[in-house]
Protein chains: 2
Amino acid sequence: MAAGSKRQQIVNAADALFYSQGFAQTSFADIAAAVQISRGNFYYHFKTKDEILDAVIDKRLADREMLLAKWDETADDPARRIECFIKIVIVNQAKIMAYGCPVGSLVTELTKLDHASREKANQIMALFRDWLIRQFVELGCHADACDHALHVLSWSQGVATLAQTFKDEAFVQREVSQILEWLASIERETTRLQAISTKA
Amino acid sequence: MAAGSKRQQIVNAADALFYSQGFAQTSFADIAAAVQISRGNFYYHFKTKDEILDAVIDKRLADREMLLAKWDETADDPARRIECFIKIVIVNQAKIMAYGCPVGSLVTELTKLDHASREKANQIMALFRDWLIRQFVELGCHADACDHALHVLSWSQGVATLAQTFKDEAFVQREVSQILEWLASIERETTRLQAISTKA
DNA sequence: AATCATTTAGGACACTCGTCCTAATGCGTC
DNA sequence: GACGCATTAGGACGAGTGTCCTAAATGATT
């Protein structure tokens, strides 16, 4: 077992538990049971529950950055990359139906708790937003890039919430189809406008 | 002070606190302080915290039913009524930005708590869904009524979540404008189809 | 004025929580 | 084998929780 591995185990377990139960409802005892560690020993790795939360948020940030970087590599078309983002709700459908969106539900909870790390959690959402903006800019819609990015992000949050509420797989599929159609129309429109401006 | 008034005060205070702090994070002490009641006296009105939750959900259900009934009366065009629903995110903008959607956030929390009253809370969302379905049916789109209803509901949840995250008023306004445009296009399409079928 | 049901206050109860301390364990190095 | 460091286990601590009991207060009715 490498150095810091136990710490990482704790963060991983906390990450999963914060997602499935919520931050406030997850106790040291819960995490300790998951990692098979003494409850008292916790203090050695983390001084505070909030410290664990910060570590979890850092991990989630790093995970999402890696995911976005992978999409940046594998798909060279910005529209394809946005499609990757859209299709997370299908890829993670089971978990979303059970626990909602990991990012959205954390931000919501920390807001209600008026927690100091709320801003930090917001950065994950901001990460998605900024990445989406870059994609839409690259796609050609400079003026509307921010609007479109927030639209897609908002869409994903809505789908996640309703999927969790009604557990309706067909609904998720329909919404994905519709937003993909919307994305295609955006793509067509921008290429059309680009053709005009090039001609001029 | 009329009989049962104290009970109603408790439910009202709990309603507001559950919304702003969350159900689990609201203690008997919090509610007692809000209603200026002894903590021990609570047991006389409600045996259990879950009983208060059920009463709060009942109140929210009744409130929403009243709201929808009012819209049914005041607006005779189904599209107008749907517009009323859409514009709640503007009317309640301040509270939504602070605490999110009262319905969505409660369902999300109770799901993570694996709480027995989750189904009951879901009924509020189902109430909105069914009402929206009725409006879309009346508008003329029978086959797509359920899809459209869930689409609008999902949209509202997404907007609420992102409004709470980024506190961006302009974003809310844009999203409302876009969905109203979408609604208008639905309306045009159905009247067009109705004209064709009437002619045949 | 006395009675009685309704409503209230205050606190006991057992439990869980996050935090923190201390003694013991494991283990590589001299 | 002995030392020293990193890691662990176990439990103490006070605060806060939901629940529940009992005695006092209130107020309408007789």
> If every non-hydrogen atom of A/Phe166 is compared with every non-hydrogen atom of B/Met125, which pair is closest and at what distance?
Replying inline: CZ-CG, 3.7 Å
> Counting distance only, does the side-chain N/O of A/Lys120 pair as donor-acceptor with the main-chain N or O of A/Leu53 below 3.5 Å?
Replying inline: no
>> I'd like to know whether the aromatic ring centres of A/Trp182 and A/Trp155 sit less than 6.0 Å apart in this structure.
In response: no
>> Restricting to side-chain hydrogen bond (donor to acceptor under 3.5 Å, both in side chains), what partner residues turn up for B/Arg118, sequence neighbours left out?
In response: B/Thr111
> Whole Å only: how far is the NE2 atom of A/His45 from the P atom of D/dA9?
Replying inline: 9 Å
> Rounded to the Å, how far apart are B/Arg7 CZ and C/dT6 C1'?
Replying inline: 15 Å
> Looking at the side chain of B/Ser38, which of C/dA9, D/dA9, D/dT8 is the nearest nucleotide?
Replying inline: C/dA9
Could you go through residues 157-165 of chain B and list every donor-acceptor pair under 3.5 Å that involves a side-chain atom there, pairing it with any protein atom two or more places apart or in another chain?
from: B/Thr161; atom 1: OG1; to: B/Gln157; atom 2: O; distance (Å): 2.9
from: B/Thr165; atom 1: OG1; to: B/Thr161; atom 2: O; distance (Å): 2.8

>> Test salt bridge (charged side-chain N to carboxylate O under 4.0 Å, His left out) on B/Arg192 and B/Glu189; report intermediate values, then the result.
In response: CA-CA 5 Å; B/Arg192 194 181 64 85; B/Glu189 181 67 9; 3.1 Å; yes
> Any Lys/Arg nitrogen of A/Asp130 or A/Arg134 sitting under 4.0 Å from an Asp/Glu carboxylate oxygen of the other?
Replying inline: no
> Roughly how far, to the nearest 0.5 Å, is the CZ atom of B/Arg81 from the CZ atom of B/Phe136?
Replying inline: 12.5 Å
> Taking CD1 from A/Ile52 and P from C/dC17, how many angstroms apart are they, rounded to a whole number?
Replying inline: 13 Å
> Which residues in residues 10-22 of chain B have at least one heavy atom lying under 4.0 Å from any atom of DNA chain D?
Replying inline: none
> Of the non-hydrogen atoms in A/Gln21 and A/Asp30, which two are nearest, and what is the gap between them?
Replying inline: OE1-OD2, 3.5 Å
Atom pairs under 3.5 Å: protein N/O with N/O of nucleotides 17-23 of chain D:
from: D/dT17; atom 1: OP1; to: B/Ser27; atom 2: OG; distance (Å): 3.2
from: D/dG18; atom 1: OP1; to: B/Lys49; atom 2: NZ; distance (Å): 3.4
from: D/dG18; atom 1: OP2; to: B/Phe28; atom 2: N; distance (Å): 3.1
from: D/dT19; atom 1: OP2; to: B/Lys49; atom 2: N; distance (Å): 2.8

Between protein and nucleic acid, restricted to nucleotides 27-29 of chain D and to nitrogen or oxygen atoms under 3.5 Å apart, what atom pairs and distances do you find?
none

Using distance only, find each side-chain donor-acceptor pair of residues 86-108 of chain B under 3.5 Å and give its atom names and separation, not counting sequence neighbours.
from: B/Ser105; atom 1: OG; to: A/Lys112; atom 2: NZ; distance (Å): 3.0
from: B/Ser105; atom 1: OG; to: B/Cys101; atom 2: O; distance (Å): 2.7
from: B/Thr108; atom 1: OG1; to: B/Gly104; atom 2: O; distance (Å): 2.9

>> Please find the pair of heavy atoms, one from A/Ile82 and one from A/Trp131, that lie closest to each other, and give the distance.
In response: N-CH2, 4.2 Å
> Rounded to whole angstrom units, what separation is found between the CD atom of B/Gln36 and the C1' atom of C/dT8?
Replying inline: 14 Å
> Does B/Tyr44 make a side-chain N or O approach to OP1 or OP2 of C/dT7 shorter than 4.0 Å?
Replying inline: yes
